[in-house]
Amino acid sequence: MRCLQARGRGLLLLLVIVSFTVDVSTSIAAGDAINRTLSIRDGDTLVSGGGTFELGFFSLGGSNNKYLATRFKNIPFDNVVWVANRRAPLNESTGVLKFSEAGNLIVEDKAGGVVWKSSAGAAAVSNPVAQLLDTGNLVIRDGDSNGSSSSSLDYFWQSFEEPGNTLIAGMKLGVNRKKGLRLELTSWRSADDPSPGNYTFGLEPGLLPRLILRRGTTVLYSSSFWNGRRFSGIPDFLFSEIYTSVVASDENGDYYSFELIGSNQSTIVVQADGKVRRLAWSSRTSTWNDFLTGPADDCDPFGACGPYGVCNTSSSPICQCPRGFRPRSQQDWYLRYTSGGCVREETLQCGGGDGFLTLRQVKMPDARNMTVNIGVGLDECRERCLSTCSCTAYAGSQIGDGRSGCLTWSGALVDTRTVANGREELYLRVPGHLADPTTAESTAENKSKRSKVTVVTATVVPVVLLFLLCACGIWIKERTKDTMVRTTTTADGDMKRKHFNASLNIVGEDAAAGLPLLDFETIALATDNFSPSSKVGEGGFGTVYKEKWQGILDDGQEVAVKRLSWISIQGTNEFINEAKLIAKLQHKNLVRLVGFCVHGEERMLIYEYMQNSSLDSFIFDEIKRALLDWSTRLDIILGIAKGLMYLHHDSRYKIIHRDLKASNILLDGAMNPKISDFGTARIFGADQNMEKTKRVIGTYGYMSPEYAINGTISIKSDVFSFGICTLEVLSGVRNRGNGSHWNLLTYAWKLWQEGNCLEFLDATVSNSFYTAQIARCIQIALLCVQEQAIDRPTMSTVVMMLSNENFPLPQPKRPGFLILASGNVTAVSSPSKQEYTKNELTITLVDGR
Ligand SMILES: *[C@@H]1O[C@H](CO)[C@@H](O)[C@H](O)[C@H]1NC(C)=O
Ligand SMILES: *[C@@H]1O[C@H](CO)[C@@H](O)[C@H](O)[C@H]1NC(C)=O
Ligand SMILES: *[C@@H]1O[C@H](CO)[C@@H](O)[C@H](O)[C@H]1NC(C)=O
Ligand SMILES: *[C@@H]1O[C@H](CO)[C@@H](O)[C@H](O)[C@H]1NC(C)=O
Ligand SMILES: *[C@@H]1O[C@H](CO)[C@@H](O)[C@H](O)[C@H]1NC(C)=O
Ligand SMILES: *[C@@H]1O[C@H](CO)[C@@H](O)[C@H](O)[C@H]1NC(C)=O
Ligand SMILES: *[C@@H]1O[C@H](CO)[C@@H](O)[C@H](O)[C@H]1NC(C)=O
Ligand SMILES: *[C@@H]1O[C@H](CO)[C@@H](O)[C@H](O)[C@H]1NC(C)=O
C-alpha cells in the first residue's frame, strides 16, 4: 500500500502527480474509502466496513468487459448490485477509479478517457472522500466533517440515487422531488450487458402510491395501491420473516424501500426479460430463492381483461364481464382476445335509480381516474358517487395514517382482478334493477337514507375538523363558535372558499386590489392540514405547500401556499396592506400573488403554481440539466435579470429581494423563470430601511460580503446574488458558501484569469457555436460578484449587457469571496444567535450588529 501525500500543494500540481504516478501505484489494497490522493485500479477493491459489500472492477456473466461494480462480498454468484459504467464497459483490465478536480468520481480507461462520472461532485470541499458504506451505498462526502456523523443529507452524491436493476435493503424507489430524481430500477439488456434494457420498475407516487413495471411508457404491471400498511390486494407481498416493506412520504418525496430482519439477505431484481423477482439468499443451501415473481399469472399483465373486465385465474375463460355488461366483441372474446373489455348492456340513469354491484376479493382498478376523499365514510362515499354522474365505482380504504378514505372512479375501470383471500370490495355502479339488494334498497329509500347520512356527517364532521385543528394547535376556542356553519358546508362536500365573519376580523375580497382573503380551513383541507406530503418547498420565510385535491380558488387555478414561518413583526392591517402591494407588482418574471390568509398569528400567501418547480431542480440534476440547452439557459438568466430590474427600478416600490437563489427562481410550463419570495422580504423588513439591518436574511453562498458581515443591504447585494445564480446556471454546480477556499467563485475566477472560460460551462451544454456569448455571460456574472458593491453594475445595466452584444463590458475585479476566505469567516459564522441549516436553506442571523 502506497499513499501519496499532497496536502498543501496546488490542485493542478496534484493532478499532474496523480496522472504521472498512476502507472506506478497510487492504489490501495484495502480500506473502504478513497480521497483525492488515492485511487483504485482494476484488481483492487474497496470493502465496506462490515465486510458485506465490495467495490471493484469486475466482469459480468460470460463477457470479458470490465465494469466498476458493487457486489455482495460473501455471496459467490449473482452478486452484483450496482454498476457504475453500465453504458460504457472497459474492454481491458486498465480501469481506474479516482476523483476529478471538480470532486466527481470518475472511471478512466487506459488512455485517460472518462468512461463514467458521478453525477454530482464535491467541488466546494477541499477533501472529498468516496466511501463504500456497509449498506452497499457508495457515497461522496466531505472528508473534513466527521464521517460517522454525516447523514445522507450531507452526501454530495450516492450510488443509491442512481439505481441499476437491483434494489437492496435501505435503497429507495420513488421520487425525490427536492433533487428532481426518479428513482427506479432499469433492467439490463442481458445477463452480461448491464446497459439499460427495456423495463423499468418504480413507485408511482401519490396519495395512494403503487409499484409499476413498464416497458418504455407502457404499463405492464401495476400493484394495487399502498394503503398505509400494505399494497392492497396483494396480501402476501409484504410479509415475510426476512424483510419488511416500507412506503414513506416526506417533504422531499415518496419512497418504497425495505429493511432486512436479522442477518438475512434479500433483493428485488428487474430481469432483462421483464420479470420482477424478489429473491432471498439462503446461506445454508447457497442459493437465491424466489419469493415473488411478477407478472406471475395470466391476470397480472396490466389491463388483461380490458375496460370493466374482471380477471379471475380460476375461471374459464379468465376474463369475465360483470352482471349487466357484455364483451365489446363476442367474436374477439371467443378467440380470447380480451383487451377490448366489456361494455354496459344498459346505460346508467344519472338522475337516480342506479345502484351498486359488489365485487368481492378484488384488486382495485387502475388508480389514474380515481379520486380520494379523506375522512369520508362508506355511506357518504356511496352518496357522493350516486350524485356524480361520471362516477362509475366506489370503495372504502384506509389511507396512509389510518384514516378512512372514500375512493371513487370515473370512466372505465381497468385492471380489475380477483385475489384469492383478498379483502377489498369494489362497488360497481349499475342500473338499479341489476344492483345487489342492499344497495338497491338504498336507492329505493333514497329519501330517508339521505337524511340519515346528513345526521351522520353532521356529528362526525365537526369531530374530524376539531381533530385537525387540535393537531395544529390553533384556535380551538374560536373554531367552536362557527361549527354550525362549517358543518353544513362540509356536509355538502363543498370545501371551496367561504367567508366566515365569525373566524376572522376582516374577511372578503378587496375589490380594488382583486386579491382574495382566503379562509384558513379551506387551505388546511386542501393541503391535508399542511401534511408533509403536500409540502413542496421550504425557505427562510416559511414552508410552501401545494394543494392536494381541492381547488382553493373558485376558478380551479392550481396554487401553492406559502405559510410564513415567523411570528410576524407586523400587525394584521400592515400585513394585508403589504400583501396588496405585492399583488400589484406584476411582471412576467415574477410569480403572481393570487391571495392571502390571516388567521390568528398565521400569515399565508397564495401564489400561482409553477409546473416545473424551481431552477435548482433542473440545473443541479444530472438528468434534467440536459434539458437546458444554451439558449434556454441564456433566456433564464435574462428573465431573472429582467424580473430583478423590475423590482429594483421599475415598480413603484423599490424592492430588494435579499434572498435571491436558484431555489427561489421558479419555472413555468414553458421554462420561463419567475422570481418568487420577492414580497416576503418586504413583509418582514418593512420596519427596516435599506442601509442597515438587525436581521440578516439570506443564504450562505448567495450573500454579498458586505451584507453577510455588516448587514448592509442595497440593490447591489441582490446584484451579487444574481451573479452567483448566473454562475450556477452556467456551470450546473452549486456554490457552497461554507467559507471554504474552494467554491464556485474561486473556480470561476481562476478559469477567467486563465482565459479558460468554456471549461466552466456545464458539460451537458454543447457550446461550439456560442463561445463569445458564453464568455460574455461569465464576464457579466463576475462583474456582478465583485467585492466592492460600488463596482457592481445595476440590474438595468446588466439587462443591457445581456441583451446587447455590443454593449462594452469592463474587466471584472476580484470577486467578493476573498473576504470570507481571508479570516473574517468568524464574523459570519458565529453571531450570538443563529439558525444555520446546511447551504441550501436560508439562514437567519439575528444580531444587533
Ligand atoms: C487520503 O487518505 C490517506 C489515507 O487515509 C491519507 O494519508 C491522505 O492524507 C489523504 N489525503 C488527503 C488529501 O486528505
Ligand atoms: C478496446 O476498445 C478500443 C476502442 O473501442 C479498441 O481500439 C481496442 O482495440 C480494444 N482493445 C481490446 C483488447 O479489445
Ligand atoms: C469530530 O471528531 C473529533 C474527534 O473525534 C471531535 O473532536 C469533534 O468535536 C467532532 N466534530 C463534530 C462536528 O462532531
Ligand atoms: C427492447 O425493445 C426493442 C423494441 O421492441 C427490441 O428490438 C429490443 O430487442 C429490446 N431489447 C431487449 C434488451 O429486450
Ligand atoms: C433471518 O435472520 C435471523 C437472525 O439472523 C435468523 O434467526 C432467521 O432464521 C433468518 N430467517 C431466515 C428465513 O433465514
Ligand atoms: C373465480 O372463479 C372461480 C371459478 O369460477 C370461482 O369459484 C371464484 O369464486 C372466483 N373468485 C372470485 C373472487 O370471484
Ligand atoms: C379516465 O377517464 C376518461 C374519461 O372517461 C378517459 O377518457 C380516460 O381514458 C381515462 N384515463 C385512464 C387512464 O383510464
Ligand atoms: C327516490 O326514489 C324514488 C323511487 O323510489 C324516485 O321516484 C325519486 O326520484 C328518488 N329521488 C331522488 C332524489 O333520487
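First listed ligand is number 1; within each ligand, the first listed atom is number 1.
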Would you please indicate if the ring centroids of Phe302 and Tyr221 are separated by under 6.0 Å?
no
With no hydrogens and no angle check, do the side chains of Arg382 and Tyr394 hold a donor and an acceptor under 3.5 Å apart?
yes
Check Cys319 against Cys305 for me: are their SG atoms closer than 2.5 Å?
yes
When you measure from the centre of the six-membered ring of Tyr67, is the NZ or CZ of Arg86 closer than 6.0 Å and no more than 45° off the axis?
no
For ligand 1, which atoms have a heavy atom of Asn35 less than 4.0 angstrom away?
1 (C), 2 (O), 3 (C), 8 (C), 10 (C), 11 (N), 12 (C), 14 (O)
Looking at CZ of Phe156 and CZ of Arg141, how far apart are the two atoms once the value is rounded to the nearest 0.5 Å?
10.5 Å
Under 3.5 Å: N/O of Thr37 near N/O of ligand 1
yes
Under the side-chain hydrogen bond (donor to acceptor under 3.5 Å, both in side chains) test, which residues partner Ser159, sequence neighbours left out?
Asn137
Near Asn127, which atoms of ligand 1 are under 4.0 Å from a heavy atom of that residue?
12 (C), 14 (O)
Give the numbers and elements of all ligand 4 atoms closer than 4.0 Å to a heavy atom of Asn198.
1 (C), 2 (O), 3 (C), 8 (C), 10 (C), 11 (N), 12 (C), 14 (O)
Verify the neighbour count for atom CZ of Arg323: are there more than 12 heavy atoms of other residues, nucleotides or ligands below 6.0 Å?
yes
When you look for protein heavy atoms under 4.0 Å from ligand 6, which residues do they belong to?
Asn312, Ser314, Ser315, Arg360, Gln361, Thr418
Do any nitrogen or oxygen atoms of Arg189 come within less than 3.5 Å of a nitrogen or oxygen of ligand 4?
no
Looking at Phe57, does the NZ or CZ of Arg41 lie under 6.0 angstrom from its six-membered ring centre and within 45 degrees of the ring axis?
no
